[in-house]
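Naming convention: chains lettered A, B, ... in sequence-line order (proteins, then strands); numbering from 1 in each chain. The structure presented is a predicted model; accordingly, all values stated were derived computationally and were not measured.
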Amino acid sequence: MFYDFKKIEKKWQNTWEKSKSFHAQVNPAKKKFYLLEMFPYPSGKIHMGHVRNYTIGDVASRFKTLEGYNVLHPMGFDAFGQPAENAAIKNKTKPDTWTHKCIREMEIELKKMGFSYDWEREVSTCDSFYYKWNQWVFLKMFEKGLAYKKSSTVNWCPSCQTTLANEEVIEGGCWRCHSKVEQKDLEQWYLKITDYKERLLEDLKQLNDWPERVLSMQANWIGKSQGVEIYFRVKQADKVIPVFTTRVDTIFGATYIVLAPEHPLVKELIKGKPQEKEVLAFIEKVSQESKVVRASSDVKKEGVFTGVFAVNPVNNEEVPIWIADYVLMEYGTGAIMAVPTHDQRDFLFAKEHKLPMRIVIQKTENKGQKAEELKEAYEEDGIQVNSGEFNGLKNVEAKVKIADWMEKKGIGKIQTHWRLRDWLISRQRYWGTPIPIIYCPKCGVVPVPDKDLPVELPKDAPFTGEGGSPLGKVKKFVGVKCPQCKGKARRETDTMATFFDSSWYFLRFCSPKFKNGPFDEKEAAYWMKVDQYIGGIEHAILHLLYSRFFTKFFKDLGMIDFDEPFKRLLTQGMVLKDGEVMSKSKGNIVDPDIMIEKYGADTLRLFILFAAPPETELEWDSRGLEGAHKFLNRDWRIQDSLKGKADLSLSRILHKTIQKVSQDFREFKFNTAIASLMELTNAIYQSGADKEVFAKLIIMLSPIAPHFCEELWKVLGNKESILKAGWPQVDPKMLVEDNVTIVVQVNGKVRLKIEVAVDISEAKLKEIVLADKALVPWIQGKPVRNFILVPKKLVNIVV
RNA sequence: GCCGAAGUGGUGGAAUGGCAGACACGUCGGUCUCAAAAACCGAUGGGGUUACACCCAUGUGGGUUCGACUCCCACCUUCGGCACCA
């Protein structure tokens, strides 16, 4: 007999919807649990990645409900973005129409999976009711000086025809289309995320329940590096060149300094020098090189001498000033001190251009070694030599002492440098939130007043996909009165990066219909933080960093009282087929919809949880899917063979299972939880089940296969939904056994297993074990040197 | 180069100091059947043995321990992030 999943699944989905089973309301008397999965881009179809992400979330959510929590489990759509523009052009429709159609299709697919969302809280970021508050947040940031416009060299994707944030450039390519990113000088809007760098780094320490690799990626990205800025005076000129180093302990070995070709001082320094022409030619050559080529470490380090010298402030030594392509203007001060003996890049450069070297740090056993003998730079720790009054110190100690000494003498300053840059949010695209700014010839940059929000996206823009700010072509949109002087003015035509939209949606979910602000502070105070967040590792930097930034900003506005939005984070692994990521281009996609059609949503959910732990990659296996289906059918058939009271051993297995499954669910170890439920099922097949054992099995399975279990729950005669059944409790008495099997080892090897009473004394056990004939070949009268007892488990006899 | 994660049967995986391979998939055998499917029962790391016994085995090499997949040291491989970052 097979269960009719098509009928059952449809039926329960309708029931849940009608009875608003998942509608969440503030209830201070109950403990809340906010469970959130990263909301999807509405492409119109869900893929296996979504299925996995949302199944993990749904099981956790339903489990928490059964445990008695007041659960908030919302869903929405990250609906702005470029694919809608491309699709609209291709299908001769409008991004608005296309996106809404996709959202409707996606809702249907998500509902078919039986996910327990509170659909009344659904939000779409492309809805002006939502993006109004993007604009509001932007203006708050503008007011606080955190949103600003500046002219700068920016990342430009020639294919998407728009600018990109640093975080959106992956290996020199566009994160979306992988085109090679170009550099362009443009005036753009930025958010001053760097104002929050200290907190963004420091607060990572609070995130004990985040995966280590995400924390390390964020810390890497923020890139704090502590060191000293050292001032080199230029010889015969009234100029000072600051350089930044993290290795101030090597300062006595600095035998030349190098400036980036773009360094503003270069042209001044070389003016009238014999080297001027050569240097200018070199700068020109480097400027032609792309960032990617220049950054590749295998390219030979090239450079030229400027003809000018500087003075090393610690020993007043004259050192030549060079220009080289391996020094970058964007980092530090755009100038370095070169210590060829203790930095491999400097070493290679010095060898190439025959520059002097001096060893200043040495291992004791290498005493007397000369710089010319080095085959490569010595970058490890050692003892200071050739370092004036610091000779003989360990370099680690010298680092601190030299820094202090330099600060006192005014020749250096302890400083911290960061990798993190401000967030460029302007996009020259149509399908996004308009930046609420007006340019007035008289008043300058004027923010749109709150009462005029939202600045609505015109529905009739001639978007062509060619970029160049489509909004700029809509006269009605651009032409506007200045809110201050009422004169003729012009609107900003760039839109916001879509990561802006998703940086606070978790707060909007707390009160999605709120009209007086981005979110109702009282509701947010109850629901936030997100207790469990689940999503893909691809957002380890981008979305998670921006959301953390926004949260801190809201805290500073006094709207919330916490620093971090997501208490626990789980990053689920990817779904693979034949060892490769499922993708259209590889043609190895398995369509969830077809699998639902064939096996039902419950089977799909069960398989995807059973096949691998949530965090690791999952290899798609259609035979495994059949196995999952088989298991459900096995449980379905139990209803025909229920019998009288369960025997003691089955009851014990039941309670062990309750204990194991409860623990596994809390730790997101769904694969082993399912294994335990399978073992319980096998045990029932061995001994037959009474109604109570079967009912508890069904409750424990219900977060995973909810439709299936609701149906069986009803078959068992229950009137109310299984959602109200409550999580089964362990009876500690049932976990206690009368007898235990003790493993007997001799010298660490298993030689015997014996069954003894659970409360046997050590002396008695020792007596029994040593008397056992089976051990004679191993002991044979050798003296027992040690007798190790692990209670209720094992003894080890050492002879 | 730096940071992080991982390496276990034919396959997915389990065990985080105490019986390595739970639970599944696959394969083989059996029951039922005219037959097949489904279902149910059993076997299934390698060597060895008629069968047992026994030996070997968690990327490699060391170490700690009565005892190591698990802890420590060194190395190899794979994946992910950052990177001429000074």
Asker: So among A/Phe349, A/Phe347, A/Tyr331, which one has a ring pair (Phe, Tyr, Trp, His ring centres under 6.0 Å) with A/Tyr326?
Answerer: A/Phe349
Asker: Which nucleotide in the set B/A86, B/C41, B/G81 lies at the smallest distance from any side-chain heavy atom of A/Tyr685?
Answerer: B/C41
Asker: For B/G30 and B/C56, measure between their P atoms and round to the nearest Å.
Answerer: 36 Å
Asker: Please list all pairs meeting salt bridge (charged side-chain N to carboxylate O under 4.0 Å, His left out) that have one or both residues in residues 610-627 of chain A, counting only residues at least two apart or in different chains.
Answerer: none
Asker: Of the options B/G18, B/G42, B/A86, whose atoms approach the side-chain atoms of A/Gln686 most closely?
Answerer: B/G42
Asker: What's the gap between B/C79 and B/A74 when it is taken at their P atoms, as a whole Å value?
Answerer: 23 Å
Asker: Determine if the base of B/G10 is syn or anti; take syn to mean the glycosidic torsion is within 90° of 0.
Answerer: anti
Asker: Keeping A/Glu379 on the side-chain end and A/Gln344 on the backbone end, is there a donor-acceptor pair under 3.5 Å?
Answerer: yes
Asker: Check nucleotides 68-76 of chain B against the protein and report each pair of N or O atoms closer than 3.5 Å, with its distance, or say if there are none.
Answerer:
none

Asker: Filter on salt bridge (charged side-chain N to carboxylate O under 4.0 Å, His left out), then keep only pairs touching residues 205-217 of chain A, sequence neighbours left out; what's left?
Answerer: A/Glu202-A/Lys205
Asker: Which letters describe nucleotides 19-28 of chain B, given B = protein heavy atom under 4.0 Å from base, S = only from sugar-phosphate, - = neither?
Answerer: B--BBSSS--
Asker: Quick check: A/Phe607 with A/Trp620 (ring centres under 6.0 Å apart)?
Answerer: yes
Asker: Whole-Å distance between B/A83 P and A/Asp343 CG?
Answerer: 18 Å
Asker: Taking the C1' atom in each of B/C69 and B/G17, what is the distance between them to the nearest angstrom?
Answerer: 11 Å
Asker: Take atom CG of A/Asn220 and atom P of B/G1, then tell me their distance rounded to the nearest Å.
Answerer: 16 Å
Asker: Any pair with a residue in residues 245-254 of chain A that passes salt bridge (charged side-chain N to carboxylate O under 4.0 Å, His left out), sequence neighbours left out, goes on the list, sorted by first then second residue, please.
Answerer: A/Arg247-A/Asp249
Asker: According to ring pair (Phe, Tyr, Trp, His ring centres under 6.0 Å), who are the partners of A/His263, at least two apart in sequence or on a separate chain?
Answerer: none
Asker: To the nearest Å, how far apart are A/Glu538 CD and B/C82 P?
Answerer: 13 Å
Asker: Can you tell me, in whole Å, how much space there is between the P of B/C82 and that of B/A68?
Answerer: 41 Å
Asker: To the nearest Å, how far apart are A/Asp346 CG and B/C84 C1'?
Answerer: 10 Å
Asker: Looking for any heavy atom pair under 4.0 Å, which part of the strands does A/Pro613 touch: base, sugar-phosphate only, or nothing?
Answerer: sugar-phosphate
Asker: For B/A38 versus B/C54, give the span between their P atoms, rounded off to a whole number of Å.
Answerer: 40 Å
Asker: Looking at A/Arg345, I'd like to know whether one of its side-chain N or O atoms comes within less than 4.0 Å of OP1 or OP2 on B/C85.
Answerer: yes
Asker: Between A/His342 (NE2) and B/G1 (C1'), how many Å, whole number?
Answerer: 18 Å
Asker: For A/Lys577, check salt bridge (Lys or Arg N to Asp or Glu O under 4.0 Å) against everything at least two apart and list the hits.
Answerer: none
Asker: Taking only residues two or more places apart in sequence, or in another chain, which ones meet A/Glu538 in a salt bridge (Lys or Arg N to Asp or Glu O under 4.0 Å)?
Answerer: none
Asker: For RNA chain B, what is the dot-bracket line, given that a base pair needs Watson-Crick (N1 to N3, plus N6-O4 or O6-N4) or G-U wobble (N1-O2 and O6-N3) geometry with both distances under 3.5 Å, and | means paired with another strand?
Answerer: (((((((..(((.....[....)))((((((.......))))))(((......)))..(((((..]....))))))))))))....
Asker: Pick the closest RNA chain B nucleotide for A/Ile336 and for A/Ile541 by heavy atoms, then say which residue is nearer the 5' end.
Answerer: A/Ile541
Asker: Can A/Asn312 and A/Tyr256 be counted as having a side-chain donor-acceptor contact under 3.5 angstrom?
Answerer: no
Asker: Identify, with sequence neighbours excluded, every residue that meets salt bridge (Lys or Arg N to Asp or Glu O under 4.0 Å) alongside A/Lys669.
Answerer: A/Glu667
Asker: In whole angstrom, what separates A/Leu348's CG from B/A86's C1'?
Answerer: 14 Å
Asker: Per the atom types in the model, does the base of B/C66 pair as donor or acceptor with the side chain of A/Asn786 at under 3.5 Å?
Answerer: no
Asker: In whole Å, measure the gap between the P atoms of B/G21 and B/U16 for me.
Answerer: 13 Å
Asker: Once you round it to whole Å, what is the distance between C1' of B/A86 and CG of A/Leu259?
Answerer: 13 Å
Asker: So, using side chain to side chain contact (heavy atoms under 4.5 Å, CB included) as the criterion, who are the partners of A/Ile754 when residues are at least two apart?
Answerer: A/Ile742, A/Val744, A/Leu752, A/Val756, A/Leu765, A/Ile768, A/Val769, A/Asp772
Asker: Whole Å only: how far is the CG atom of A/Asp664 from the C1' atom of B/A14?
Answerer: 11 Å
Asker: Please list, one pair per line, the donor and acceptor atoms closer than 3.5 Å that link side chains of residues 412-420 of chain A to other protein atoms, with sequence neighbours excluded.
Answerer:
{"unit_1": "A/Gln415", "atom_1": "OE1", "unit_2": "A/His417", "atom_2": "NE2", "d": "3.3"}
{"unit_1": "A/Arg419", "atom_1": "NE", "unit_2": "A/Trp221", "atom_2": "O", "d": "3.1"}

Asker: Of the nucleotides B/C84, B/G4, B/C85, which has the atom closest to the A/Ser216 side chain?
Answerer: B/G4
Asker: Roughly how far apart, to the nearest Å, are B/G10 and B/G26 at atom C1'?
Answerer: 8 Å
Asker: On a whole-Å scale, what distance lies between the P atoms belonging to B/A22 and B/U49?
Answerer: 26 Å
